[in-house]
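Reviewing the structure listed below.
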Amino acid sequence: MGVSEYRKWKRNQIEGDPYLSVVIPTYNEEVRIVPTIGAIANHVSSLGFDWELVVSDDGSTDATLELVRDLELVNMVIIEATHNTGKGGAVRRGVAASQGEFILFADADQSTPIEQIGAFIDKIESEGLDIVIGSRSAGGADVANKSFVRTLLSAGLNKIVRAAFGLRFKDTQCGFKLFRSDVGKKIFSVASIDGFSFDLELLYIAQKAGLGVAELPVQWHDAPDSKVSGGRVALRFLADMPIIILNHLRGRYSLKD
Amino acid sequence: MPIHVSNERSPVVSAAGRFDAYSVSDISNQLSSLLDEGIVDIWVDLSETDFIDSTALADLVRFMKRARAAGGELTLWKPSDAVRVILELTSLDLAFSISSNGAIPGVTDSDRRS
């Protein structure tokens with residue numbers, strides 16, 4: 001079932017707008033991107049709706065783009081950047097190019113297995129939500145191979161974020177978030193942070209706007225050779241926090257049409 | 001990831017769950033031991049493998065080459081849909097011997113512990 005549906009999706013251009021766009025931000029992912037695309041393509045194709053894959057590259061200097069182009073998937077859109085801007089910038093460009101009714105962004109390392117997308121779609125549809133975010137800290141989450149240092153840093157940052165921003169979410173940084181398209185596009189149109197803190201900015205904007213956001217516990221596997229340096233990200237996070245507050249005070253996060 | 005080796009006549013190494021850089025050393029050790037013992041026809045059961053990453057694929061290629069150099073074969077048995085698509089996208093389906101149907105010679109269901 002899965003393989004035959006994947007083969008149809010690979011060859012036959014969908015008609016009209018897709019139900020789901022899956023955005024994968026990439027930066028020098030030549031080692032990981034093809035298996036991740038394979039896992040996503042196999043699973044999502046088996047779900048029975050039209051979907052597109054959006055690979056938003058962020059100025060890779062390795063063979064990522066060449067590998068992705070060579071796959072020749074007719075329902076895949078490739079966004080190229082002239083230079084590296086950061087994960088937030090790549091996701092923003094990917095969301096802007098997405099045509100789906102719902103938009104998922106998922107990390108290039110398949111650290112949150114795609115098989116969980118069904119529960120996210122059920123949640124956002126059945127409860128009429130705007131956003132459903134993956135959480136490694138919510139009850140029921142299953143986290144594998146996360147280093148002690150990373151766990152400690154995440155917990156510490158999360159406490160700071162919740163205290164400083166009044167956010168109710170237990171995990172702002174999981175790279176698996178599903179948006180209603182109109183909401184996602186609006187949020188990303190006012191968001192400005194290009195680095196790893198972009199998730200925090202998105203959720204801050206969403207909470208301030210009173211949007212319906214739910215957290216779902218996920219199964220999560222730490223990706224070997226992760227490009228995420230916990231210490232560097234933590235410092236960047238702390239530096240971006242006042243920028244987010246200032247942007248809010250300046251009224252830059254208004255989602256009104 | 002549970003890994004089992006069963007049946008001495010046609011050894012089956014089963015890799016269930018996520019077959020990635022974290023779990024690859026376990027299965028590599030099993031494959032290496034078998035080849036070191038002169039057992040060169042080996043089956044790798046991927047029927048319950050959810051995801052396979054580049055590190056695991058590279059290791060399977062390495063052991064396939066070792067088996068063939070010794071006059072044997074490393075056969076991928078019933079790869080799951082996810083693994084099959086990944087093999088197709090990487091064109092490794094053309095390089096590996098893949099068995100999608102039937103039983104492994106000399107192996108009964110009770111041999112294939114999961």
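What you see is a predicted model, and the numbers here were worked out from it, not measured in a lab. Letters A, B, ... are given to chains in the order of the sequence lines, protein chains preceding strands, and every chain is numbered from 1.
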Crowded around Glu15(A) CD? As in, over 12 foreign heavy atoms under 6.0 Å? no

State plainly whether the residues Arg18(B) and Asp53(B) are in salt-bridge range, i.e. N to O under 4.0 Å. no

Assert yes or no for the condition that the ring centre distance of Phe49(A) to Phe102(A) is strictly below 6.0 Å. no

Any donor-acceptor N or O pair under 3.5 Å, side chains Glu52(A), Ser21(A): yes

What part of Leu89(B) gets closer than 4.5 Å to chain A, counting heavy atoms only: side chain, backbone, both or neither? both

Could you check which of Glu115(A), His43(A), Gln110(A) has the highest count of heavy-atom pairs closer than 4.5 Å to chain B? Gln110(A)

What part of Ile37(A) lies closer than 4.5 angstrom to a heavy atom of chain B: side chain, backbone, both or neither? both

